[in-house]
Structures are given as structure tokens and as C-alpha cells.
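The structure under discussion appears below in the form of C-alpha cells.
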2 protein chains.
Amino acid sequence: MEHDKHKEMLKQVMTGMPKDETLAELSELFSVFGDSTRIKILWALSEREMSVCCIAELLKMTQSAISHQLKNLRHAKLISSRREGKTVYYFLADDHVRSIIDQGMEHISE
Amino acid sequence: MEHDKHKEMLKQVMTGMPKDETLAELSELFSVFGDSTRIKILWALSEREMSVCCIAELLKMTQSAISHQLKNLRHAKLISSRREGKTVYYFLADDHVRSIIDQGMEHISE
DNA sequence: TTATCATATGAACAATCGTTCATATGAGGT
DNA sequence: ACCTCATATGAACGATTGTTCATATGATAA
């Protein structure tokens, strides 16, 4: 029957799909990339590690705004930090970050 | 001087950075992936093309909610559609989509 | 200690977002 | 014409988000 084949098909797609929790985690990851301030920060850090005020100066934004966003990025484990005296240097946690950005770039430029 | 080297460094990072418009476009792309409903839809469509009501049934969500999200995905050029009688079938616009998702998946599973 | 510089953080605000509900459009079928 | 099924859409709602402002913490120097 037609209806049975339909249900069969839905079931098949369902079983291939990762569990809700995983997909939620995935969308959370992408939403971190979904803000231009954070993208700029990530890009800057992919060039070299930087202090908070340096990033703020580079992006012409408030130190507070940057600090808040660094918190988000740190929470998503995309960046790490290192303290040297008064200043804190931030850097990319791994190079998945850059490859995700590059993949997105590739999609845009077509 | 120390201060000149700092400005030099900032300038160098700036020149390497894509222009604001591009980064805004990039973050908009990622924010489309930044919602679990949309991720689920994209995943489903990466398995096979599907009608609106089929997606709604699969995700146990309202037809309206799905339709609104399909609009977002279509606007981001991640999906296309094909009409067959009364029903409209949606499918992935290209396979960048799947590779972006896979890249994200790779980051999560570590 | 006190002063200063670098960074972090909490509250408040406007703006954006995803869903729901009601309704509109559009394409058959009778 | 009418009815029905599939899809689209506008308004409204609560929820989340990014920035600002004010203030707190933390580290160094005097």
C-alpha cells in the first residue's frame, strides 16, 4: 500500500538521523558562528593570538562587548586564553574553527 | 618603538580580513544553521527530497512552523523546491550544505 | 596601602527570532 | 461553481540575544 510505504520511508529517515541532543549541540555550535562580531574575533585570532583590548581596538568596539563575546566563544570551546601579567591573550582552541569558516566562505563565493 | 609595532600588527591583521559585508554574509549563513529545527530539516532533505507535510510529520511539528523555516532556508539558498500537483517537494540546493553540517559534527564529537 | 591598567560581569534595554493561530492562496477533484 | 487538500503568510506572543553602562575583580607598580 501507498500509505505503508510512506511510513516505512519516514521510519528509515528517522533512524539515520542523529539524536535530538546531538542536533541541538550542533545548532548551538553554528549559532556561535552566526554573529558577525564573533566571526571577526575568530578570524582575527586565526591570524595571531590577541589581548582583549587589542581585539576591541581592531574591531572598533567596546572592551565590554568584546569581553562578553569572548565568554561565549570560550564557553563553546572555540578559544582558549593565557594570562601574561595584566593582559589576557586569547587564541583559537583548535583548527576546526578555521576550516568551518573556510567551508562557509566557499559556499558564499559562488 | 613598541607602540608602532603594535599598530603595524593591527594593520596587517586588518588587511588580511575580508570586508565587513562578506563577514556579515558569512555570519548570516551560519545563523541559518544555528537552529535545531532547521538543522533537522536540512538533515532530512540530505537523505531525500520531501514535501512540507512530510517534514512536519517527521519532526512532529506544525505545518506552519515548517513552512516558515523552509522560507528561511530557501532565502539562504540552501534549498530549492519543485511542485508536483498540490504538493511541493523541497531538496538541498547543493552539497555544500551537507559538508558544512559534517564539519560541525566533526567538531562536536571529540 | 593606594593608584592604575586590563579584564570580567550583572542589570537593563532594544532588537531579533521561532512558534502559534488564523487566514489566504493555489491546485486538483466532483 | 464548490469543496478539499497542501502550502504560504501576516500578526502576535514569549523567549533569546547583543550591546551599553556601571561596577567589580585581579594584577602590577609606586
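Each chain gets a letter, A, B and so on, in the order its sequence line appears, and its residues count up from 1.
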Please name all residues satisfying side chain to side chain contact (heavy atoms under 4.5 Å, CB included) with A:Asp102, sequence neighbours left out, ordered by chain then number.
-> A:Arg98
Who passes side-chain hydrogen bond (donor to acceptor under 3.5 Å, both in side chains) against B:Arg82, sequence neighbours left out?
-> B:Glu49, B:Glu84
Among pairs that include at least one residue of residues 12-71 of chain B, which meet ring pair (Phe, Tyr, Trp, His ring centres under 6.0 Å), considering only residues two or more places apart or in two chains?
-> A:Phe30-B:Phe33, A:Phe33-B:Phe30
How would you list all residue pairs meeting side-chain hydrogen bond (donor to acceptor under 3.5 Å, both in side chains) that involve residues 13-22 of chain B, not counting sequence neighbours?
-> A:Lys40-B:Asp20
Any donor-acceptor pair under 3.5 Å from B:Arg38 side chain to B:Val32 backbone | yes
Is A:Thr62 near enough to D:dT20 that one of its side-chain N or O atoms lies under 4.0 angstrom from OP1 or OP2?
-> yes
Any donor-acceptor N/O pair, A:Ser31 side chain to A:Glu28 backbone, under 3.5 Å | yes
Measure the distance from CZ on A:Arg38 to P on D:dT19 and round it to the nearest whole Å.
-> 8 Å
Side-chain contact test, heavy atoms from C-beta onward, threshold under 4.5 Å: evaluate it for A:Tyr90 versus A:Ser80 and give yes or no.
-> no
Range on DNA chain C touched by chain A - first to last nucleotide, heavy-atom distance under 4.0 Å | C:dC5 to C:dG10
Answer yes or no: does a side-chain N or O of A:Gln69 lie under 4.0 Å from OP1 or OP2 of D:dT19?
-> yes
Where along residues 72-92 of chain A does a heavy atom come under 4.0 Å from DNA chain C, residue by residue in number order?
-> A:Lys86, A:Thr87, A:Val88, A:Tyr90
